[in-house]
Amino acid sequence: MTALVLAGVGKSYDGVETIRGIDLEVAAGEFVVLVGSSGCGKSTVLRMIAGLEDVSAGTIRIGERDVTYAPAAARGVAMVFQSYALYPHMTVRENLSFGLRNMRTPRAAIAAQVNRAATILELDELLDRLPHQLSGGQRQRVAIGRAIVRNPTLFLFDEPLSNLDADLRVRMRHELSRLHKRLGSTMIYVTHDQVEAMTLADRLVVLDQGRISQVGTPLEIYDRPANLFTAAFIGSPRINLLEATLIEQQGRAGLFELAGGTRFAKRCSGLRMGDRTTVGLRPEHVRSDPVADGFALELEVEAIEALGHSTFVYGHLDHGAEFRARLEGHQDVRTPGRLTIYIDPARLLLFDADGNAITTLDT
């Protein structure tokens, strides 16, 4: 069953198009995360789904209903914002029940819904406290509980964890994941945080300047980015991007030359002799020991981050390109200094002159 369909959805402000033809289907019970850099339009898309922003083009369907022009209150969605938006003079119980009381829900039903939400979110002992008596994580749980009591068709989250400290964000991510499994509800979540996106999502929707760059599972997008934007946006430290030219071809086997003269072979399709490509390599795919059929590069080390379980090395190659490597365990690397690194060509991603992924045959 489809819970949400966006068909050609667009948004313009004073004639300037900011959301450009978004097409997306979300299945019932799916956890979909909209991710992208600041200003890409992800929060605007969420607000259009909620009915808080008018749609300039296209249609929005929730379940079987066309809600493109329906008021927010009639859409059956609940939204959790970055700010907790709790009423400071009301107790947790009163904050949870406020919306239901406005809808003139019977008292018994309100009590049942509030108690259910409090149990799910472990707020039972906090129901008579005021917001200023709560921690940041507890306040966010109350904000989520206020959404749960409405029993919505869709849960919409707009960067709900961005005001929390790092440790609390990790714990709240786990709580949200457990909540999704427990409720089985459809959730649309907006964030600019890659870790949140990768760990929470059933599917990721990567947005770039108001357009969908790629849709897929987190690992699909990480391992097989459709274009340079997605490749560069997803991953931390960010992917290494190097320029290369196809200098020899025998059938589908190509010989490529990097700037600086290093050569490697890779099987691919859709290229001709002399074509320039961009080569992508994730930092964790760099090796400190030789690789069969691989090649070596010399890295001028400029900075090191020793984390115990791994060592991050930052520097540049001989021809000047920036380069990042994540090596396993503790590495005896010094700065300034030089380090020989090894690359397995099977780990390389190729992109054409337009920034689109090239199909490779040896990965």
Side-chain angles (χ1 to χ4, degrees), residues 3-4 6 11 26 28-29 31 43-55 60-164 172 175-176 179-180 182-190:
L4 172 71
L6 305 182
K11 178 66 178 178
V26 178
F31 198 128
S43 289
T44 301
V45 172
L46 199 72
R47 290 175 65 84
M48 286 193 292
I49 296 170
L52 302 178
E53 292 276 359
D54 293 332
V55 172
I60 298 175
R61 299 186 66 86
I62 295 177
E64 300 301 318
R65 296 186 302 134
D66 185 334
V67 299
T68 309
Y69 303 107
R75 297 194 179 200
V77 305
M79 191 159 177
V80 179
F81 297 91
Q82 178 178 344
S83 61
Y84 313 126
L86 303 179
Y87 295 104
H89 62 288
M90 293 184 183
T91 64
V92 169
R93 188 189 311 275
E94 290 167 336
N95 267 284
L96 291 176
S97 64
F98 181 77
L100 296 178
R101 285 186 278 120
N102 278 354
M103 295 165 61
R104 301 187 183 279
T105 305
R107 287 187 178 182
I110 292 176
Q113 287 290 83
V114 168
N115 289 335
R116 170 177 172 266
T119 299
I120 290 172
L121 296 168
E122 299 179 0
L123 295 170
D124 307 76
E125 298 181 1
L126 305 175
L127 287 173
D128 295 318
R129 294 190 187 181
L130 293 169
H132 76 269
Q133 297 172 310
L134 306 177
S135 68
Q138 290 169 339
R139 292 179 195 177
Q140 192 57 273
R141 292 212 304 271
V142 176
I144 294 170
R146 196 165 49 187
I148 290 175
V149 297
R150 296 180 55 191
N151 196 26
T153 303
L154 286 176
F155 284 90
L156 307 177
F157 295 91
D158 192 3
E159 305 206 40
L161 309 185
S162 59
N163 287 337
L164 305 180
M172 284 300 299
E175 289 189 27
L176 279 172
L179 177 66
H180 176 246
R182 185 179 301 184
L183 296 178
S185 301
T186 309
M187 297 184 175
I188 315 294
Y189 189 101
V190 159

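All figures in this text were calculated on a predicted structure; none of them were measured in a lab. We're numbering straight along the sequence, starting at 1.
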Problem set entry | Heavy-atom check, side chain of P131 versus side chain of N95, under 4.5 Å | yes
For this session: Drop me the distance from L156's CG to M79's CE, to the nearest 0.5 angstrom.
Result: 6.0 Å
Exercise. Got a sec, which residues hit side-chain hydrogen bond (donor to acceptor under 3.5 Å, both in side chains) with S83, two or more places apart in sequence or on another chain?
Worked result: none
Exercise. Is there a donor-acceptor contact under 3.5 Å from the side chain of T68 to the main chain of I60?
Worked result: yes
Exercise. Does R139 have any salt bridge (charged side-chain N to carboxylate O under 4.0 Å, His left out) partners at least two apart in sequence or in another chain, and if so, which?
Worked result: none
Exercise. What pairs of residues pass the ring pair (Phe, Tyr, Trp, His ring centres under 6.0 Å) test when at least one of them lies in residues 141-160, not counting sequence neighbours?
Worked result: F157-Y189
Problem set entry | Separation between CD1 of I188 and CZ of F31, rounded to the nearest 0.5 Å | 9.0 Å
Exercise. What residues, two or more places apart in sequence or in another chain, satisfy side-chain contact (heavy atoms from CB on, under 4.5 Å) together with A73?
Worked result: none
For this session: Might you point out which heavy atoms bring A72 and A50 nearest each other, and give the distance in Å?
Result: CB-O, 3.3 Å
Problem set entry | With S43 via side-chain hydrogen bond (donor to acceptor under 3.5 Å, both in side chains) - residues at least two apart | D158
Exercise. Closest approach of L126 and V92, non-hydrogen atoms and distance?
Worked result: O-CG2, 3.2 Å
Side-chain donor-acceptor distances from residues 100-112 under 3.5 Å, at least two apart:
{"from": "R101", "atom 1": "NE", "to": "S97", "atom 2": "OG", "distance (Å)": "3.1"}
{"from": "R101", "atom 1": "NH2", "to": "E94", "atom 2": "O", "distance (Å)": "3.0"}
{"from": "T105", "atom 1": "OG1", "to": "L100", "atom 2": "O", "distance (Å)": "3.1"}

Exercise. Can you list every pair that meets ring pair (Phe, Tyr, Trp, His ring centres under 6.0 Å) and has a residue in residues 83-142, with sequence neighbours left out?
Worked result: Y87-F98
Output side-chain donor-acceptor pairs under 3.5 Å for residues 116-125, partner residues at least two apart or in another chain, one line each.
{"from": "T119", "atom 1": "OG1", "to": "N115", "atom 2": "O", "distance (Å)": "2.8"}
{"from": "T119", "atom 1": "OG1", "to": "D124", "atom 2": "OD2", "distance (Å)": "3.3"}

Problem set entry | From I49 atom CD1 to L4 atom CG, the distance as rounded to the nearest 0.5 Å | 5.0 Å
For this session: Show your reasoning for whether side chain to side chain contact (heavy atoms under 4.5 Å, CB included) applies to L6 and V45.
Result: CA-CA 10 Å; L6 305 182; V45 172; 4.0 Å; yes
Exercise. Which atom names give the shortest non-hydrogen contact between L164 and G137, and what distance separates them?
Worked result: CD2-N, 4.2 Å
Exercise. Sequence neighbours excluded, which residues qualify as side-chain hydrogen bond (donor to acceptor under 3.5 Å, both in side chains) partners of Q138?
Worked result: S135
Seminar exercise, completed: Quick note, salt bridge (Lys or Arg N to Asp or Glu O under 4.0 Å) partners involving residues 79-90, not counting sequence neighbours, are none
For this session: Answer yes or no: is there a side-chain heavy-atom contact under 4.5 Å between V80 and Q140?
Result: yes
For this session: For residues 65-89, pull every pair meeting salt bridge (Lys or Arg N to Asp or Glu O under 4.0 Å), keeping only residues two or more places apart or in separate chains.
Result: none
For this session: Decide side chain to side chain contact (heavy atoms under 4.5 Å, CB included) for L176 and L161; before the verdict, give the C-alpha distance in whole Å, the side-chain angles of both, and the deciding distance to 0.1 Å.
Result: CA-CA 10 Å; L176 279 172; L161 309 185; 4.2 Å; yes
Exercise. Roughly how far, to the nearest 0.5 Å, is the CD1 atom of I144 from the CE atom of M172?
Worked result: 4.0 Å
For this session: Any pair with a residue in residues 140-153 that passes salt bridge (Lys or Arg N to Asp or Glu O under 4.0 Å), sequence neighbours left out, goes on the list, sorted by first then second residue, please.
Result: R141-E175
For this session: First locate atom CG of L154, then atom CE of M187, and finally report the distance between them rounded to the nearest 0.5 Å.
Result: 10.5 Å
Problem set entry | Atom pair CG (L127) and CG (L96), whose distance is rounded to the nearest 0.5 Å | 6.5 Å
